[in-house]
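These notes are about the structure you will find just below.
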Amino acid sequence: MDLGSARHAFVTGGASGIGRGIVEALADAGVRVTIADIDRSGAETVVATRPGELAALELDVRDRAGWRAAKSQAEKRFGPVDILVNNAGIGFNGRDIADLDPEVFDRIIDIDLTGVFNGISTFAADLRVRGRGHIVNTASVMALTAGAPGRGAYSAAKSAVVAMSEALRQEMAPHGVGVSVLCPGLVRSNLDSTTARLGGQVEEVVHIKGDGSLGMDPAEAGARVLDGITRDLPYILTHPHYLSHVDARMDALRRSFTEAEAAGAPR
């Protein structure tokens, strides 16, 4: 997408971390941005750094009525949305799937997967009618690898975001709308505090994720997202060293296909 033609972007989870990096990169490119975040105070703090270029809304991505109201309010201020970034999410709590409370599983799916669908449901049809724009859905590099203990629900949600984005890309391409899925590795963020704010438990994975000071600079992640939008990349990646983990998964799949072929055609 030519960013010069973009006037308004709507970014969920834009008050901190990757989302803030994306917001600032878009604003630097001359795009006005609505930041929709469960943390309205945090969003307003970001807006205060660039008055007139940004606007803040409080949004729980699980709330479909809230999505409709946010769309109306955002477009009344800045006009139709050209770029949608479904970035809001929570993290994993480090428990094995067998020990995971069902309500914890539901919360992760509701926010990390259904929250993305809610954004698509709210904006994608309008983008299709207008025949231009771009959608970015944030998944995780965990969706591309063979997974890891303690991240089952999170990986399930993020894997589904990848699959949904791949299908959406095929559906929207004939209408001039691009779709990318962002699969980041570790980026400095407030993911732990957001997870706790929404009722999640994070103490079990402090040894895995650190205290929020580790990882890529969000500004670098934001720059990669802008590059992905401009080039209409299907996948936006931040940590290329994970390729070996992806290769390991693909090798296992190839072996399974070879074994299935050796077993003969299905009857």
Side-chain angles (χ1 to χ4, degrees), residues 18 85-87 89-100 102 104-121 124 128 134-187 205 208-209 215-216 221 224-225 227-267:
I18 294 173
V85 182
N86 290 305
N87 173 74
I90 60 173
F92 48 88
N93 77 347
R95 293 187 178 179
D96 289 351
I97 296 173
D99 302 318
L100 194 64
V104 173
F105 179 87
D106 290 345
R107 184 186 304 115
I108 292 171
I109 297 297
D110 286 348
I111 296 172
D112 288 357
L113 172 58
T114 308
V116 173
F117 168 78
N118 289 342
I120 295 166
S121 179
R128 183 177 60 196
H134 203 94
I135 298 171
V136 177
N137 299 321
T138 298
S140 168
V141 73
M142 290 292 101
L144 306 178
T145 66
R151 309 181 192 189
Y154 179 82
S155 294
K158 296 300 189 177
S159 296
V161 169
V162 171
M164 183 165 60
S165 300
E166 290 170 333
L168 184 65
R169 181 178 174 87
Q170 295 182 56
E171 294 166 355
M172 299 297 278
H175 305 281
V177 180
V179 177
S180 302
V181 60
L182 170 63
C183 298
L186 186 62
V187 178
V205 293
I208 299 174
K209 294 172 61 187
M216 175 181 282
R224 294 189 184 217
V225 170
D227 178 65
I229 293 172
T230 301
R231 296 166 59 199
D232 189 24
L233 297 179
Y235 309 99
I236 302 172
L237 304 174
T238 60
H239 291 69
H241 64 272
Y242 277 98
L243 178 59
S244 62
H245 299 275
V246 176
D247 281 342
R249 182 187 194 184
M250 291 300 103
D251 287 345
L253 282 168
R254 290 188 189 94
R255 287 194 299 271
S256 294
F257 274 107
T258 300
E259 290 166 2
E261 184 177 27
R267 297 177 181 178

Mind checking the [atom1]-[atom2] spacing from [X] to [Y]? Nearest 0.5 Å is all I need.
| X | Y | atom1 | atom2 | answer |
| --- | --- | --- | --- | --- |
| Met216 | Thr238 | CE | OG1 | 4.5 Å |
| Leu243 | Thr145 | CG | OG1 | 12.0 Å |
| Arg95 | Phe105 | CZ | CZ | 15.5 Å |
| Phe117 | Asn137 | CZ | CG | 11.5 Å |
| Ser159 | Met142 | OG | CE | 10.0 Å |
| Arg128 | Ile135 | CZ | CD1 | 10.0 Å |

Taking every non-hydrogen atom, the tightest pair across [X] and [Y]:
| X | Y | result |
| --- | --- | --- |
| Asp96 | Gly150 | OD1-N, 4.0 Å |
| Gly228 | Ile236 | CA-CD1, 3.8 Å |
| Pro184 | His239 | C-ND1, 4.5 Å |
| Ile111 | Gly89 | CG2-CA, 3.9 Å |
| Ser180 | Asp232 | OG-C, 4.5 Å |

Can you tell if the side chain of [X] reaches within under 4.5 Å of the side chain of [Y], non-hydrogen atoms only?
| X | Y | result |
| --- | --- | --- |
| Val181 | Lys158 | no |
| Val136 | Asn87 | no |
| Leu100 | Asn93 | yes |
| Leu144 | Leu237 | yes |
| Met164 | Val116 | yes |
| Ile90 | Ile108 | yes |
| Asp112 | Val161 | no |

Ring geometry between Tyr242 and His245 (parallel below 30°, tilted from 30 to 60°, perpendicular above 60°) =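 Because their plane-to-plane angle lies in the 30° to 60° range, the rings of His245 and Tyr242 count as tilted.
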
In terms of heavy-atom contacts, does CZ of Arg249 have more than 12 from other residues, nucleotides or ligands at under 6.0 Å?
->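 Above 12, so yes.
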
Should we count CD1 of Ile97 as having more than 12 external heavy atoms under 6.0 Å?
->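 No, because the 6.0 Å sphere around CD1 of Ile97 holds 12 heavy atoms or fewer from other groups.
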
Under 4.0 Å between a Lys/Arg side-chain N and an Asp/Glu carboxylate O for Asp247 and Arg254?
->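 No salt bridge links Asp247 with Arg254.
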
Using the side chain to side chain contact (heavy atoms under 4.5 Å, CB included) rule, take Asn86 and Asn118 through it: C-alpha gap first, then chi angles, then the decisive distance, then the call.
-> CA-CA 9 Å; Asn86 290 305; Asn118 289 342; over 6 Å; no

